[in-house]
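The structure appears right after this line, and notes come after that.
Note: hydrogens, waters and symmetry copies are ignored here, and every other heavy atom, side chains too, is used. Residue numbers begin at 1 in each chain, while the letters A, B, ... track the order of the sequences.
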Amino acid sequence: MSGMAWLVIVVGIAAIGWVNWYFFIASRRSDWGKE
Amino acid sequence: MARQLSVIDDTVAPPPAPPAPSAPGERTIRIPVSGMTCAACQARVQRTLQRQPGVVDAGVNLMMHDATVRYAPDAVSPEQLVAAIRDTGYGAELPPEVEDAFAEQEARDGAQAEELAELKHKAIVSGTIGALAMFAPMTLMPFVPHGVINGVLLALTVFVMTWAGRHFYTRAWTAFRHHSADMNTLIAVGTGAAFVYSLIATVAPRFFLQRGVAPDVYYEAVIVIIALILTGNAFEARAKTATSAALRALAGLQPVSARVVRGDDEVDVPIADVRRGDVVAVRPGERLPTDGEVVDGESAVDESMLTGESAPVPKAAGARVIGGTINRTGALRYRATTLGADSVLAQIVRLMRDAQGSRAPIQNLADRISGVFVPVVVSIAIATFVIWFVAGDVAGVHAPAVRAFAAAVAVLIIACPCAMGLAVPTAVMVATGRGAEVGVLIKGGEALQRAGAVDTVVVDKTGTVTEGRPTVTDIVAAPQSTRTDDELLALVASLESSSEHPLADAIVRRARERGLTLARAERFLSATGLGVSATVSGHEVLAGNEALLAERGIDSSPLRYAEARLSGDAKTPVYVAIDGALAGLLAVADPIKSTSREAIAALRDQGIDVVMLTGDTERTAQAIARAAGIERVVAGVLPEGKVAEIERLQARGHVVAMVGDGVNDSAAIARSDVGIAIGTGTDIAAEAADVVLMRGDLRSVVHAIALSRRTMRTMKQNLFWAFVYNVVGIPVAAGVLYPAFGWLLSPVIASAAMAFSSVSVVTNSLRLRRARLS
């Protein structure tokens with residue numbers, strides 16, 4: 001497996017993590033902040 | 001009105017039931033809200049409102065684009081509520097002072113028509129450009145340099161994205177800023193990624209060439225995806241317009257002017273200038289402009305548009321007429337009673353509007369999935385790209401990014417949360433409209449869902465199974481009596497004219513119908529539960545039951561056989577004695593409605609148990625039940641007893657619908673799972689019932705239950721297909737079939753599938769418009 005493939009895996013996992021953090025965790029935090 | 005209907009109504013979500021009516025000291029306000037496109041937006045506005053100090057309850061309706069807020073006016077002002085909504089990033093403004101259901105419907109129709117026209121225009125233009133972008137480059141390739149073709153395609157794509165597809169990106173950005181994601185996010189990310197990839201390939205082809213990858217562009221895919229989604233949205237908007245056709249038809253019944261009698265003249269005045277008490281003149285063929293009470297003339301009025309009753313209803317002096325109905329045969333003059341927002345038609349339009357935007361509990365699962373759908377799909381798309389890239393890399397495929405990229409875009413584009421969001425609300429809209437066409441007003445999605453589950457219908461006797469208006473059916477003279485029937489009736493009616501008992505009313509009415517002259521009753525005495533007595537024209541007249549006669553020492557035995565026969569026929573016998581001797585017997589009965597037997601048979605055919613509750617004696621109740629085809633009867637029950645009987649049935653696991661007149665049976669109606677008020681009251685909105693029947697006919701109950709069952713079936717079909725579509729579509733787009741069959745979905749095909757998935761759901765709901773209910 002090439003170095004590019006490893007890079008794609010790492011970036012992909014990070015992107016999935018960020019999407020879920022932003023839409024599920026950060027959105028709740030922003031709601032709590034308004035309470 | 002500045003209410004805005006969004007150009008594309010995306011994941012149509014689940015409006016909550018409107019808040020309960022205001023308690024004393026509280027107020028309710030409906031605030032138009034713009035810019036909401038999905039369930040996430042709705043939930044956000046709702047949460048914000050619910051957190052405001054002084055807000056008792058708040059519900060946000062995405063289909064209607066408004067918020068209904070119950071609040072304490074001393075703790076929070078409407079202006080503060082509007083400001084709170086604006087703080088969340090959505091538009092809001094104070095509602096107009098006077099809420100006019102008809103003007104509101106007109107504004108909504110105008111906005112819908114505008115939305116449809118705009119979508120059509122954009123779909124046609126971008127579709128034409130898409131076709132050119134797909135086929136022209138192949139033709140021009142031998143004559144025009146590659147770079148020029150790509151430059152022209154880039155310009156066309158930018159035009160389509162910024163003109164026709166602009167709202168996808170602006171709304172996706174608004175949602176993103178609020179940490180939410182909707183259908184626009186998927187379209188924006190999918191087409192945006194394809195555009196950026198193509199842009200790099202156009203301006204820096206060497207970047208690809210140096211890595212051994214051909215600098216392919218996807219401009220035509222971006223244009224065609226936008227064109228197809230707009231086409232799907234246009235079809236969807238047209239279909240959604242049809243779902244509210246029934247409501248529009250009702251709102252259109254309101255005439256704009258009325259002919260009012262002023263002195264000796266008849267003057268045409270705008271409907272807004274008609275005042276309560278004005279006498280309105282209507283000629284044959286004209287629509288009645290307001291509700292009222294007939295003061296002069298006789299005619300037949302076509303009320304089918306409100307009650308579903310096809311036969312015109314005869315009207316004469318004293319009869320109640322409803323605005324919006326059509327005068328058929330004769331000229332009428334009537335006194336206007338309820339006007340404007342209080343009129344029956346305005347109440348129906350308001351009730352329908354609220355019902356159409358309400359939610360059904362079956363939607364909860366779809367809501368939960370819609371809420372997390374988009375981020376999950378974006379995650380799947382990223383995973384798809386990674387897996388395809390790595391697999392291609394490991395297998396030594398040339399340029400693995402190209403295929404990985406196409407598969408990821410296809411996943412983003414094919415996923416469709418709107419089909420799930422539309423599955424239930426469109427069925428609720430069409431079903432409530434269909435109900436209104438047949439005179440069945442269902443107050444919302446929850447009532448619709450519960451009515452579909454009913455297995456036991458409890459009916460009140462008087463006014464529900466029977467006409468509710470007792471009449472004298474028999475006059476039997478005693479063997480030794482020499483009086484004629486009319487002489488006997490005149491004496492008893494004279495006596496009863498001082499009584500307020502419903503039986504007395506029937507006897508007096510019958511005497512008047514026969515043109516008899518009534519004398520004055522003197523020394524009138526009423527013995528509760530027994531009967532009445534008085535002196536009429538010098539005779540001591542007594543009318544009552546057997547016990548009253550026994551108390552006065554009068555022998556009733558000569559008529560005992562007749563009494564038993566009449567009782568057995570569900571008639572109430574009234575003994576009459578004159579000057580201390582038995583004179584005869586009158587029988588009073590409340591006849592069964594002609595349609596009751598057929599309706600009860602139809603309910604039993606639907607597998608529903610029918611139970612009749614009545615305060616009457618067991619014998620009369622049994623006779624009525626036999627005639628109506630009802631097997632289970634509970635007689636001698638007081639209003640609280642009706643509630644207890646319903647609770648007893650519910651405790652046995654039955655889902656109970658109570659059918660009653662809405663006034664005397666209001667407690668039982670409120671306690672039942674589905675309260676059905678029968679007959680046409682003027683105050684429809686105030687009824688505690690879940691379903692209001694405009695026609696005093698039990699067959700409407702059959703229609704209500706059949707419609708609810710059919711609607712539940714439609715909702716389940718819609719949800720099933722919406723889920724199946726995504727469950728199958730997303731993996732296929734991701735390429736799970738590629739290893740076995742070599743199948744891979746192109747992003748263009750995926751966009752076509754996505755665009756038409758919601759159209760198919762709306763079309764399935766529209767089938768309810770033609771549902772047979774009997």
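- Using a 4.5 Å cut-off between heavy atoms, B/Ala381 makes no contact with chain A at all.
- Considering CG of B/Asp393 and CE of A/Met4, their distance stands at 9.5 Å, rounded to 0.5 Å.
- Annotation for B/Ser379 and A/Val19: closest pair OG-CG1, 4.0 Å, computed over non-hydrogen atoms.
- For B/Asn726, the side chain to side chain donor-acceptor pair (under 3.5 Å) test picks out no residue, with sequence neighbours left out.
- Note: B/Phe176 and A/Trp18 have tilted aromatic rings, judged against thresholds of 30 and 60 degrees for the angle between ring planes.
- Aromatic pair B/His179/A/Phe23: ring centres not closer than 6.0 Å.
- Proximity to chain A at a heavy-atom threshold of 4.5 Å picks out B/Phe385, B/Val386, B/Phe389, B/Val390 from residues 384-392 of chain B, in numerical order.
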